[in-house]
Amino acid sequence: MEATKHRFRPEPDDARPMSVAPFGLFRLPLLWSALAIDASGWMASTVAKNLTELATGEIAQETPAPPDWTTDHTVTLELEAMTLRSFAPPPDASSRPPGGQATLICTPLASVRPLIADFAPDHSVVASLIGAGVPGLSVIDWRSATGEMRYKSLDSYFCDLNVIVDHLGPPVNLIGLCQGGWMALAYAARFPDKVAKLVLVGAPIDLSARTTRLTTLAERIPLPVIERLVALNHGIVEGARFLRFWAPAGINDDFIFRSLQLAADTPQDARAALAGRFSRWFWSTNDMPGRYFLEVVDRLLKRNGLANGQFTVLGVPVDLARVRAPVFLIAAEQDEVVASEQLFAAERLIGTPAADIRKIVAPSNHLGLFIGANTNRRIWPDVGRWLTGGGK
């Protein structure tokens with residue numbers, strides 16, 4: 001059994017400073033010293049500055065209200081860390097259509113909100129799947145972490161996922177988006193009898209398959225530095241700080257429109273409305289528990305544990321060869337986050353017969369896999385037909 005201990009020790013609540021600036025000034029020399037020592041000369045000044053600001057810099061005091069969900073639905077289950085949003089028909093065992101499975105979208109448990117699955121009309125994975133006839137469709141809406149959730153672990157979230165699957169009635173079709181993809185695959189390896197079909201989209205599975213910006217950062221930033229950053233913020237990784245480190249220059253209209261895959265003749269008012277919605281979604285972030293974040297960095301990113309057998313789920317080592325369900329893999333041609341090789345490596349790691357594996361490379365960037373108009377018009381309906389047995 002894997003036993004990893006992380007050394008973050010959040011400051012007591014009554015020690016939290018009244019303003020951000022003194023908080024940063026007080027710890028700034030200590031943090032810079034840690035960076036200089038732990039990074040062993042690699043850390044460039046720009047990266048060190050960004051890391052420091054990740055824990056100590058000022059962030060906007062007001063965040064935009066997140067957009068509402070696009071498609072009509074009901075809330076069918078609420079746990080501490082998530083809300084289950086279910087789209088007609090209600091996906092419980094009693095209402096399951098004959099011969100069909102409930103379908104669950106596992107969204108990324110990250111700084112961005114799960115609206116990525118149902119962003120806007122013509123830009124919604126949920127709507128595309130419903131239009132293709134997928135019944136009993138549900139989406140996990142992960143909640144932003146509170147101070148009480150700072151010690152919530154990866155296993156805690158896998159417990160929640162298992163509760164959801166049992167609530168829907170296994171076996172389910174499981175769709176993993178981005179970071180939700182490696183979580184879905186790990187779950188399917190831990191509970192192979194509970195997953196009927198598996199769809200992995202833009203998900204990092206084997207990080208050694210190709211070097212990316214994400215893998216380079218994970219390799220070169222020492223874990224003690226990350227632990228200290230988490231401790232400085234009382235055991236919570238604030239989504240706004242994380243995004244500022246990942247995208248220090250912010251986002252521009254070109255990135256937004258490429259992600260949305262808008263046609264050149266899209267009316268200006270429609271472009272402006274979608275750009276505004278995108279910006280509100282992007283910056284209305286989720287916070288993450290420090291323990292969960294450190295376990296992901298250590299076990300998945302640094303050790304590449306999912307691919308090399310150094311990953312456990314609820315006390316059991318993950319053996320991807322146990323996954324024998326039909327699998328659909330979807331990568332982006334211009335993915336700036338996850339290389340297609342990192343996703344397609346799943347083909348050689350899982351036990352699914354080659355005849356039951358489908359692969360697609362979409363002409364898209366990373367976000368376009370989920371919110372792109374072309375992807376939702378051309379690829380996601382095909383996924384829906386595959387899930388319901390209409391496509392091989």
Side-chain angles (χ1 to χ4, degrees), residues 1 69 73-109 114 117-118 125-126 129-130 134-143 145 149 151-177 179-201 203 289 292 295-296 306 311-328 350-352 383-384 387-389:
M1 181 183 300
W69 289 73
H73 65 278
T74 57
V75 172
T76 54
L77 186 66
E78 293 190 79
L79 302 176
E80 177 190 40
M82 55 73 62
T83 297
L84 185 65
R85 300 186 183 274
S86 299
F87 303 82
D92 55 26
S94 63
S95 65
R96 177 180 297 175
Q101 281 82 31
T103 296
L104 176 64
I105 297 178
C106 187
T107 55
L109 178 50
D118 189 36
V125 172
V126 166
L129 292 176
I130 292 176
V134 174
L137 180 63
S138 296
V139 174
I140 298 176
D141 183 2
W142 303 108
R143 293 177 177 168
M149 294 167 60
Y151 293 115
K152 195 170 177 68
S153 66
L154 257 174
D155 269 357
S156 300
Y157 284 104
F158 277 117
C159 282
D160 289 348
L161 178 56
N162 195 43
V163 167
I164 294 166
V165 170
D166 285 345
H167 172 77
L168 297 177
V172 302
N173 298 322
L174 192 55
I175 301 174
L177 309 182
Q179 289 198 54
W182 63 257
M183 182 177 285
L185 179 60
Y187 180 86
R190 178 64 173 83
F191 300 103
D193 293 337
K194 292 188 176 185
V195 178
K197 290 185 176 181
L198 184 63
V199 182
L200 307 179
V201 191
Y292 158 82
E295 289 180 348
V296 170
L306 192 58
F311 196 90
T312 61
V313 174
L314 299 175
V316 176
V318 166
D319 179 4
L320 295 183
R322 297 185 69 202
V323 178
R324 302 193 61 82
V327 175
F328 203 136
I350 61 178
T352 302
V383 174
L387 288 172
T388 56

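Predicted model, so just to flag it, every value in this text is computed and none were measured.
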Pairwise distance [atom1]([X]) to [atom2]([Y]) - rounded to 0.5 angstrom:
X	Y	atom1	atom2	result
L185	C106	CG	SG	11.0 Å
E295	F311	CD	CZ	8.5 Å
L314	L154	CG	CG	10.0 Å
E80	K152	CD	NZ	5.0 Å
I164	C159	CD1	SG	11.5 Å
I105	D141	CD1	CG	12.0 Å

Which atoms form the tightest heavy-atom contact between [X] and [Y], and what is the distance?
X	Y	result
Y157	W142	CD2-CZ3, 3.5 Å
T107	A117	CG2-CB, 4.1 Å
H167	L84	CD2-CD2, 3.8 Å
L129	I175	CD1-CD1, 3.6 Å
P171	Q101	O-CG, 3.0 Å
P317	G315	CD-O, 4.0 Å

Between [X] and [Y], is any pair of side-chain heavy atoms under 4.5 Å apart?
X	Y	answer
L77	L168	no
L79	V163	yes
V199	N173	no
R85	W69	yes
L109	Q179	no

*Donor-acceptor under 3.5 Å (T352 side chain, A325 main chain)*: yes
*Could I get the full list of salt bridge (Lys or Arg N to Asp or Glu O under 4.0 Å) partners for R324, not counting sequence neighbours?*
none
*Evaluate the ring planes of F87 and H73, with Trp represented by its six-membered ring, and classify them as parallel (under 30°), tilted (30 to 60°) or perpendicular (over 60°).*
tilted
*Sequence neighbours left out, what passes side-chain contact (heavy atoms from CB on, under 4.5 Å) with D166? Give chain and number order.*
N162, P170, K194
*Are F158 and T312 close enough, and set up right, to give a side chain to side chain contact (heavy atoms under 4.5 Å, CB included), and what steps lead you there?*
CA-CA 11 Å; F158 277 117; T312 61; over 6 Å; no
